[in-house]
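Presented below is the structure to which this report refers.
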Amino acid sequence: MKNNIRVERAIKNITQADLAEQVGVSRQTINTIESNKYVPSTVLALKIARVFGKTVEEIFTLSEED
Amino acid sequence: MKSRFLFPYWCRYLGLVLILVHIPIVMFKKDLGFDLHGAPGSDLFNSHHLFFMTTTLLMAIGLFLVAFAKEKIEDEQILQLRLDSLQWAIYVNYIILVISLIFTNDTEHILFLNLLIPLVFFIIRFRWKIFQNNRLIKE
């Protein structure tokens, strides 16, 4: 699964730590999601999308191996 | 997501203290007058058995608290790492158990290994994964 959290964060001008605090996880978790090492749960994906005011599909997309 | 059945964060330090207290007691057990794991064939609750029981419990409870204390931020990734590490620990434990059952008949040490390995391996694997994630963030 791919995501464009890093881009969205740059647009909104917030750090990983800010995003982590707003969705209630650790900074490490946001970091591993951004580098595609960890796939978030649906709940967390929805929370992240809500922070950016977008739908989940606009932020997370399936990759070829999924 | 809520993790259930975990000890509060400070229990990790309590656990470490228990383990640290246990080490010198076992190291100097000869000086304290206990040189056996329990004199063979003797009654329960003699001094050797009590010593063995107390030190083993001290260590097991210490490891247990360290292994199952909450992290500062207990999120879903930590939960997954915990579960993953637990699976690894059980695998390693049973592999060693099977090997030692085949190649030895020293049941006392097998019991002791069986008591230690799941918790020790779990702690090492879990901490290693957290360390890796922390290192990743600094890059």
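Chain letters run A, B, ... following the sequence lines, proteins first, then strands; residues in each count from 1.
Contact annotation for Gln16(A): only side-chain heavy atoms (C-beta onward) come within less than 4.5 Å of a heavy atom of chain B. Heavy-atom distances place the side chain of Gln80(B), and not its backbone, under 4.5 Å from chain A.
Within residues 127-135 of chain B, the residues approaching chain A closer than 4.5 Å by heavy atoms are, in numerical order, Asn133(B), Asn134(B).
For Tyr9(B), the OH atom sits in a packed shell: over 12 heavy atoms of surrounding residues, nucleotides or ligands are nearer than 6.0 Å. By the 6.0 Å contact criterion, CD on Glu65(A) is enclosed, its count of non-hydrogen atoms from other residues, nucleotides or ligands being greater than 12. Atom CG of Asp66(A) is surrounded by more than 12 heavy atoms from other residues, nucleotides or ligands within 6.0 Å. For CD of Glu71(B), the number of neighbouring non-hydrogen atoms (other residues, nucleotides, ligands) closer than 6.0 Å is greater than 12. Around NZ of Lys12(A), the count of heavy atoms belonging to other residues, nucleotides or ligands within 6.0 Å exceeds 12.
For the atom pair CG (Leu44(A)) and CG (Asp75(B)), the distance works out to 8.0 Å, reported to the nearest 0.5 Å. Note that CG of Leu136(B) and CG of Asn31(A) are 5.0 Å apart. Values are rounded to the nearest 0.5 Å.
Between Ile73(B) and Ser26(A) the shortest heavy-atom distance is CG2-N, 3.7 Å.
Under the 4.5 Å side-chain contact rule for hydrophobic residues, Leu16(B) and Phe121(B) do not share a cluster. A chain of hydrophobic side-chain contacts below 4.5 Å, direct or via other Ile, Leu, Val, Met, Phe, Trp or Tyr residues, connects Val17(B) to Trp10(B). Residues Leu81(B) and Tyr91(B) do not share a hydrophobic cluster, clusters being chains of Ile/Leu/Val/Met/Phe/Trp/Tyr side chains in contact below 4.5 Å.
Phe7(B) pairs by the ring pair (Phe, Tyr, Trp, His ring centres under 6.0 Å) definition with nothing, not counting sequence neighbours.
Between the Glu76(B) side chain and the Ser41(A) main chain, a donor and an acceptor come within less than 3.5 Å of each other.
Using a 4.5 Å heavy-atom cutoff, the side chains of Gln77(B) and Val25(A) are not in contact.
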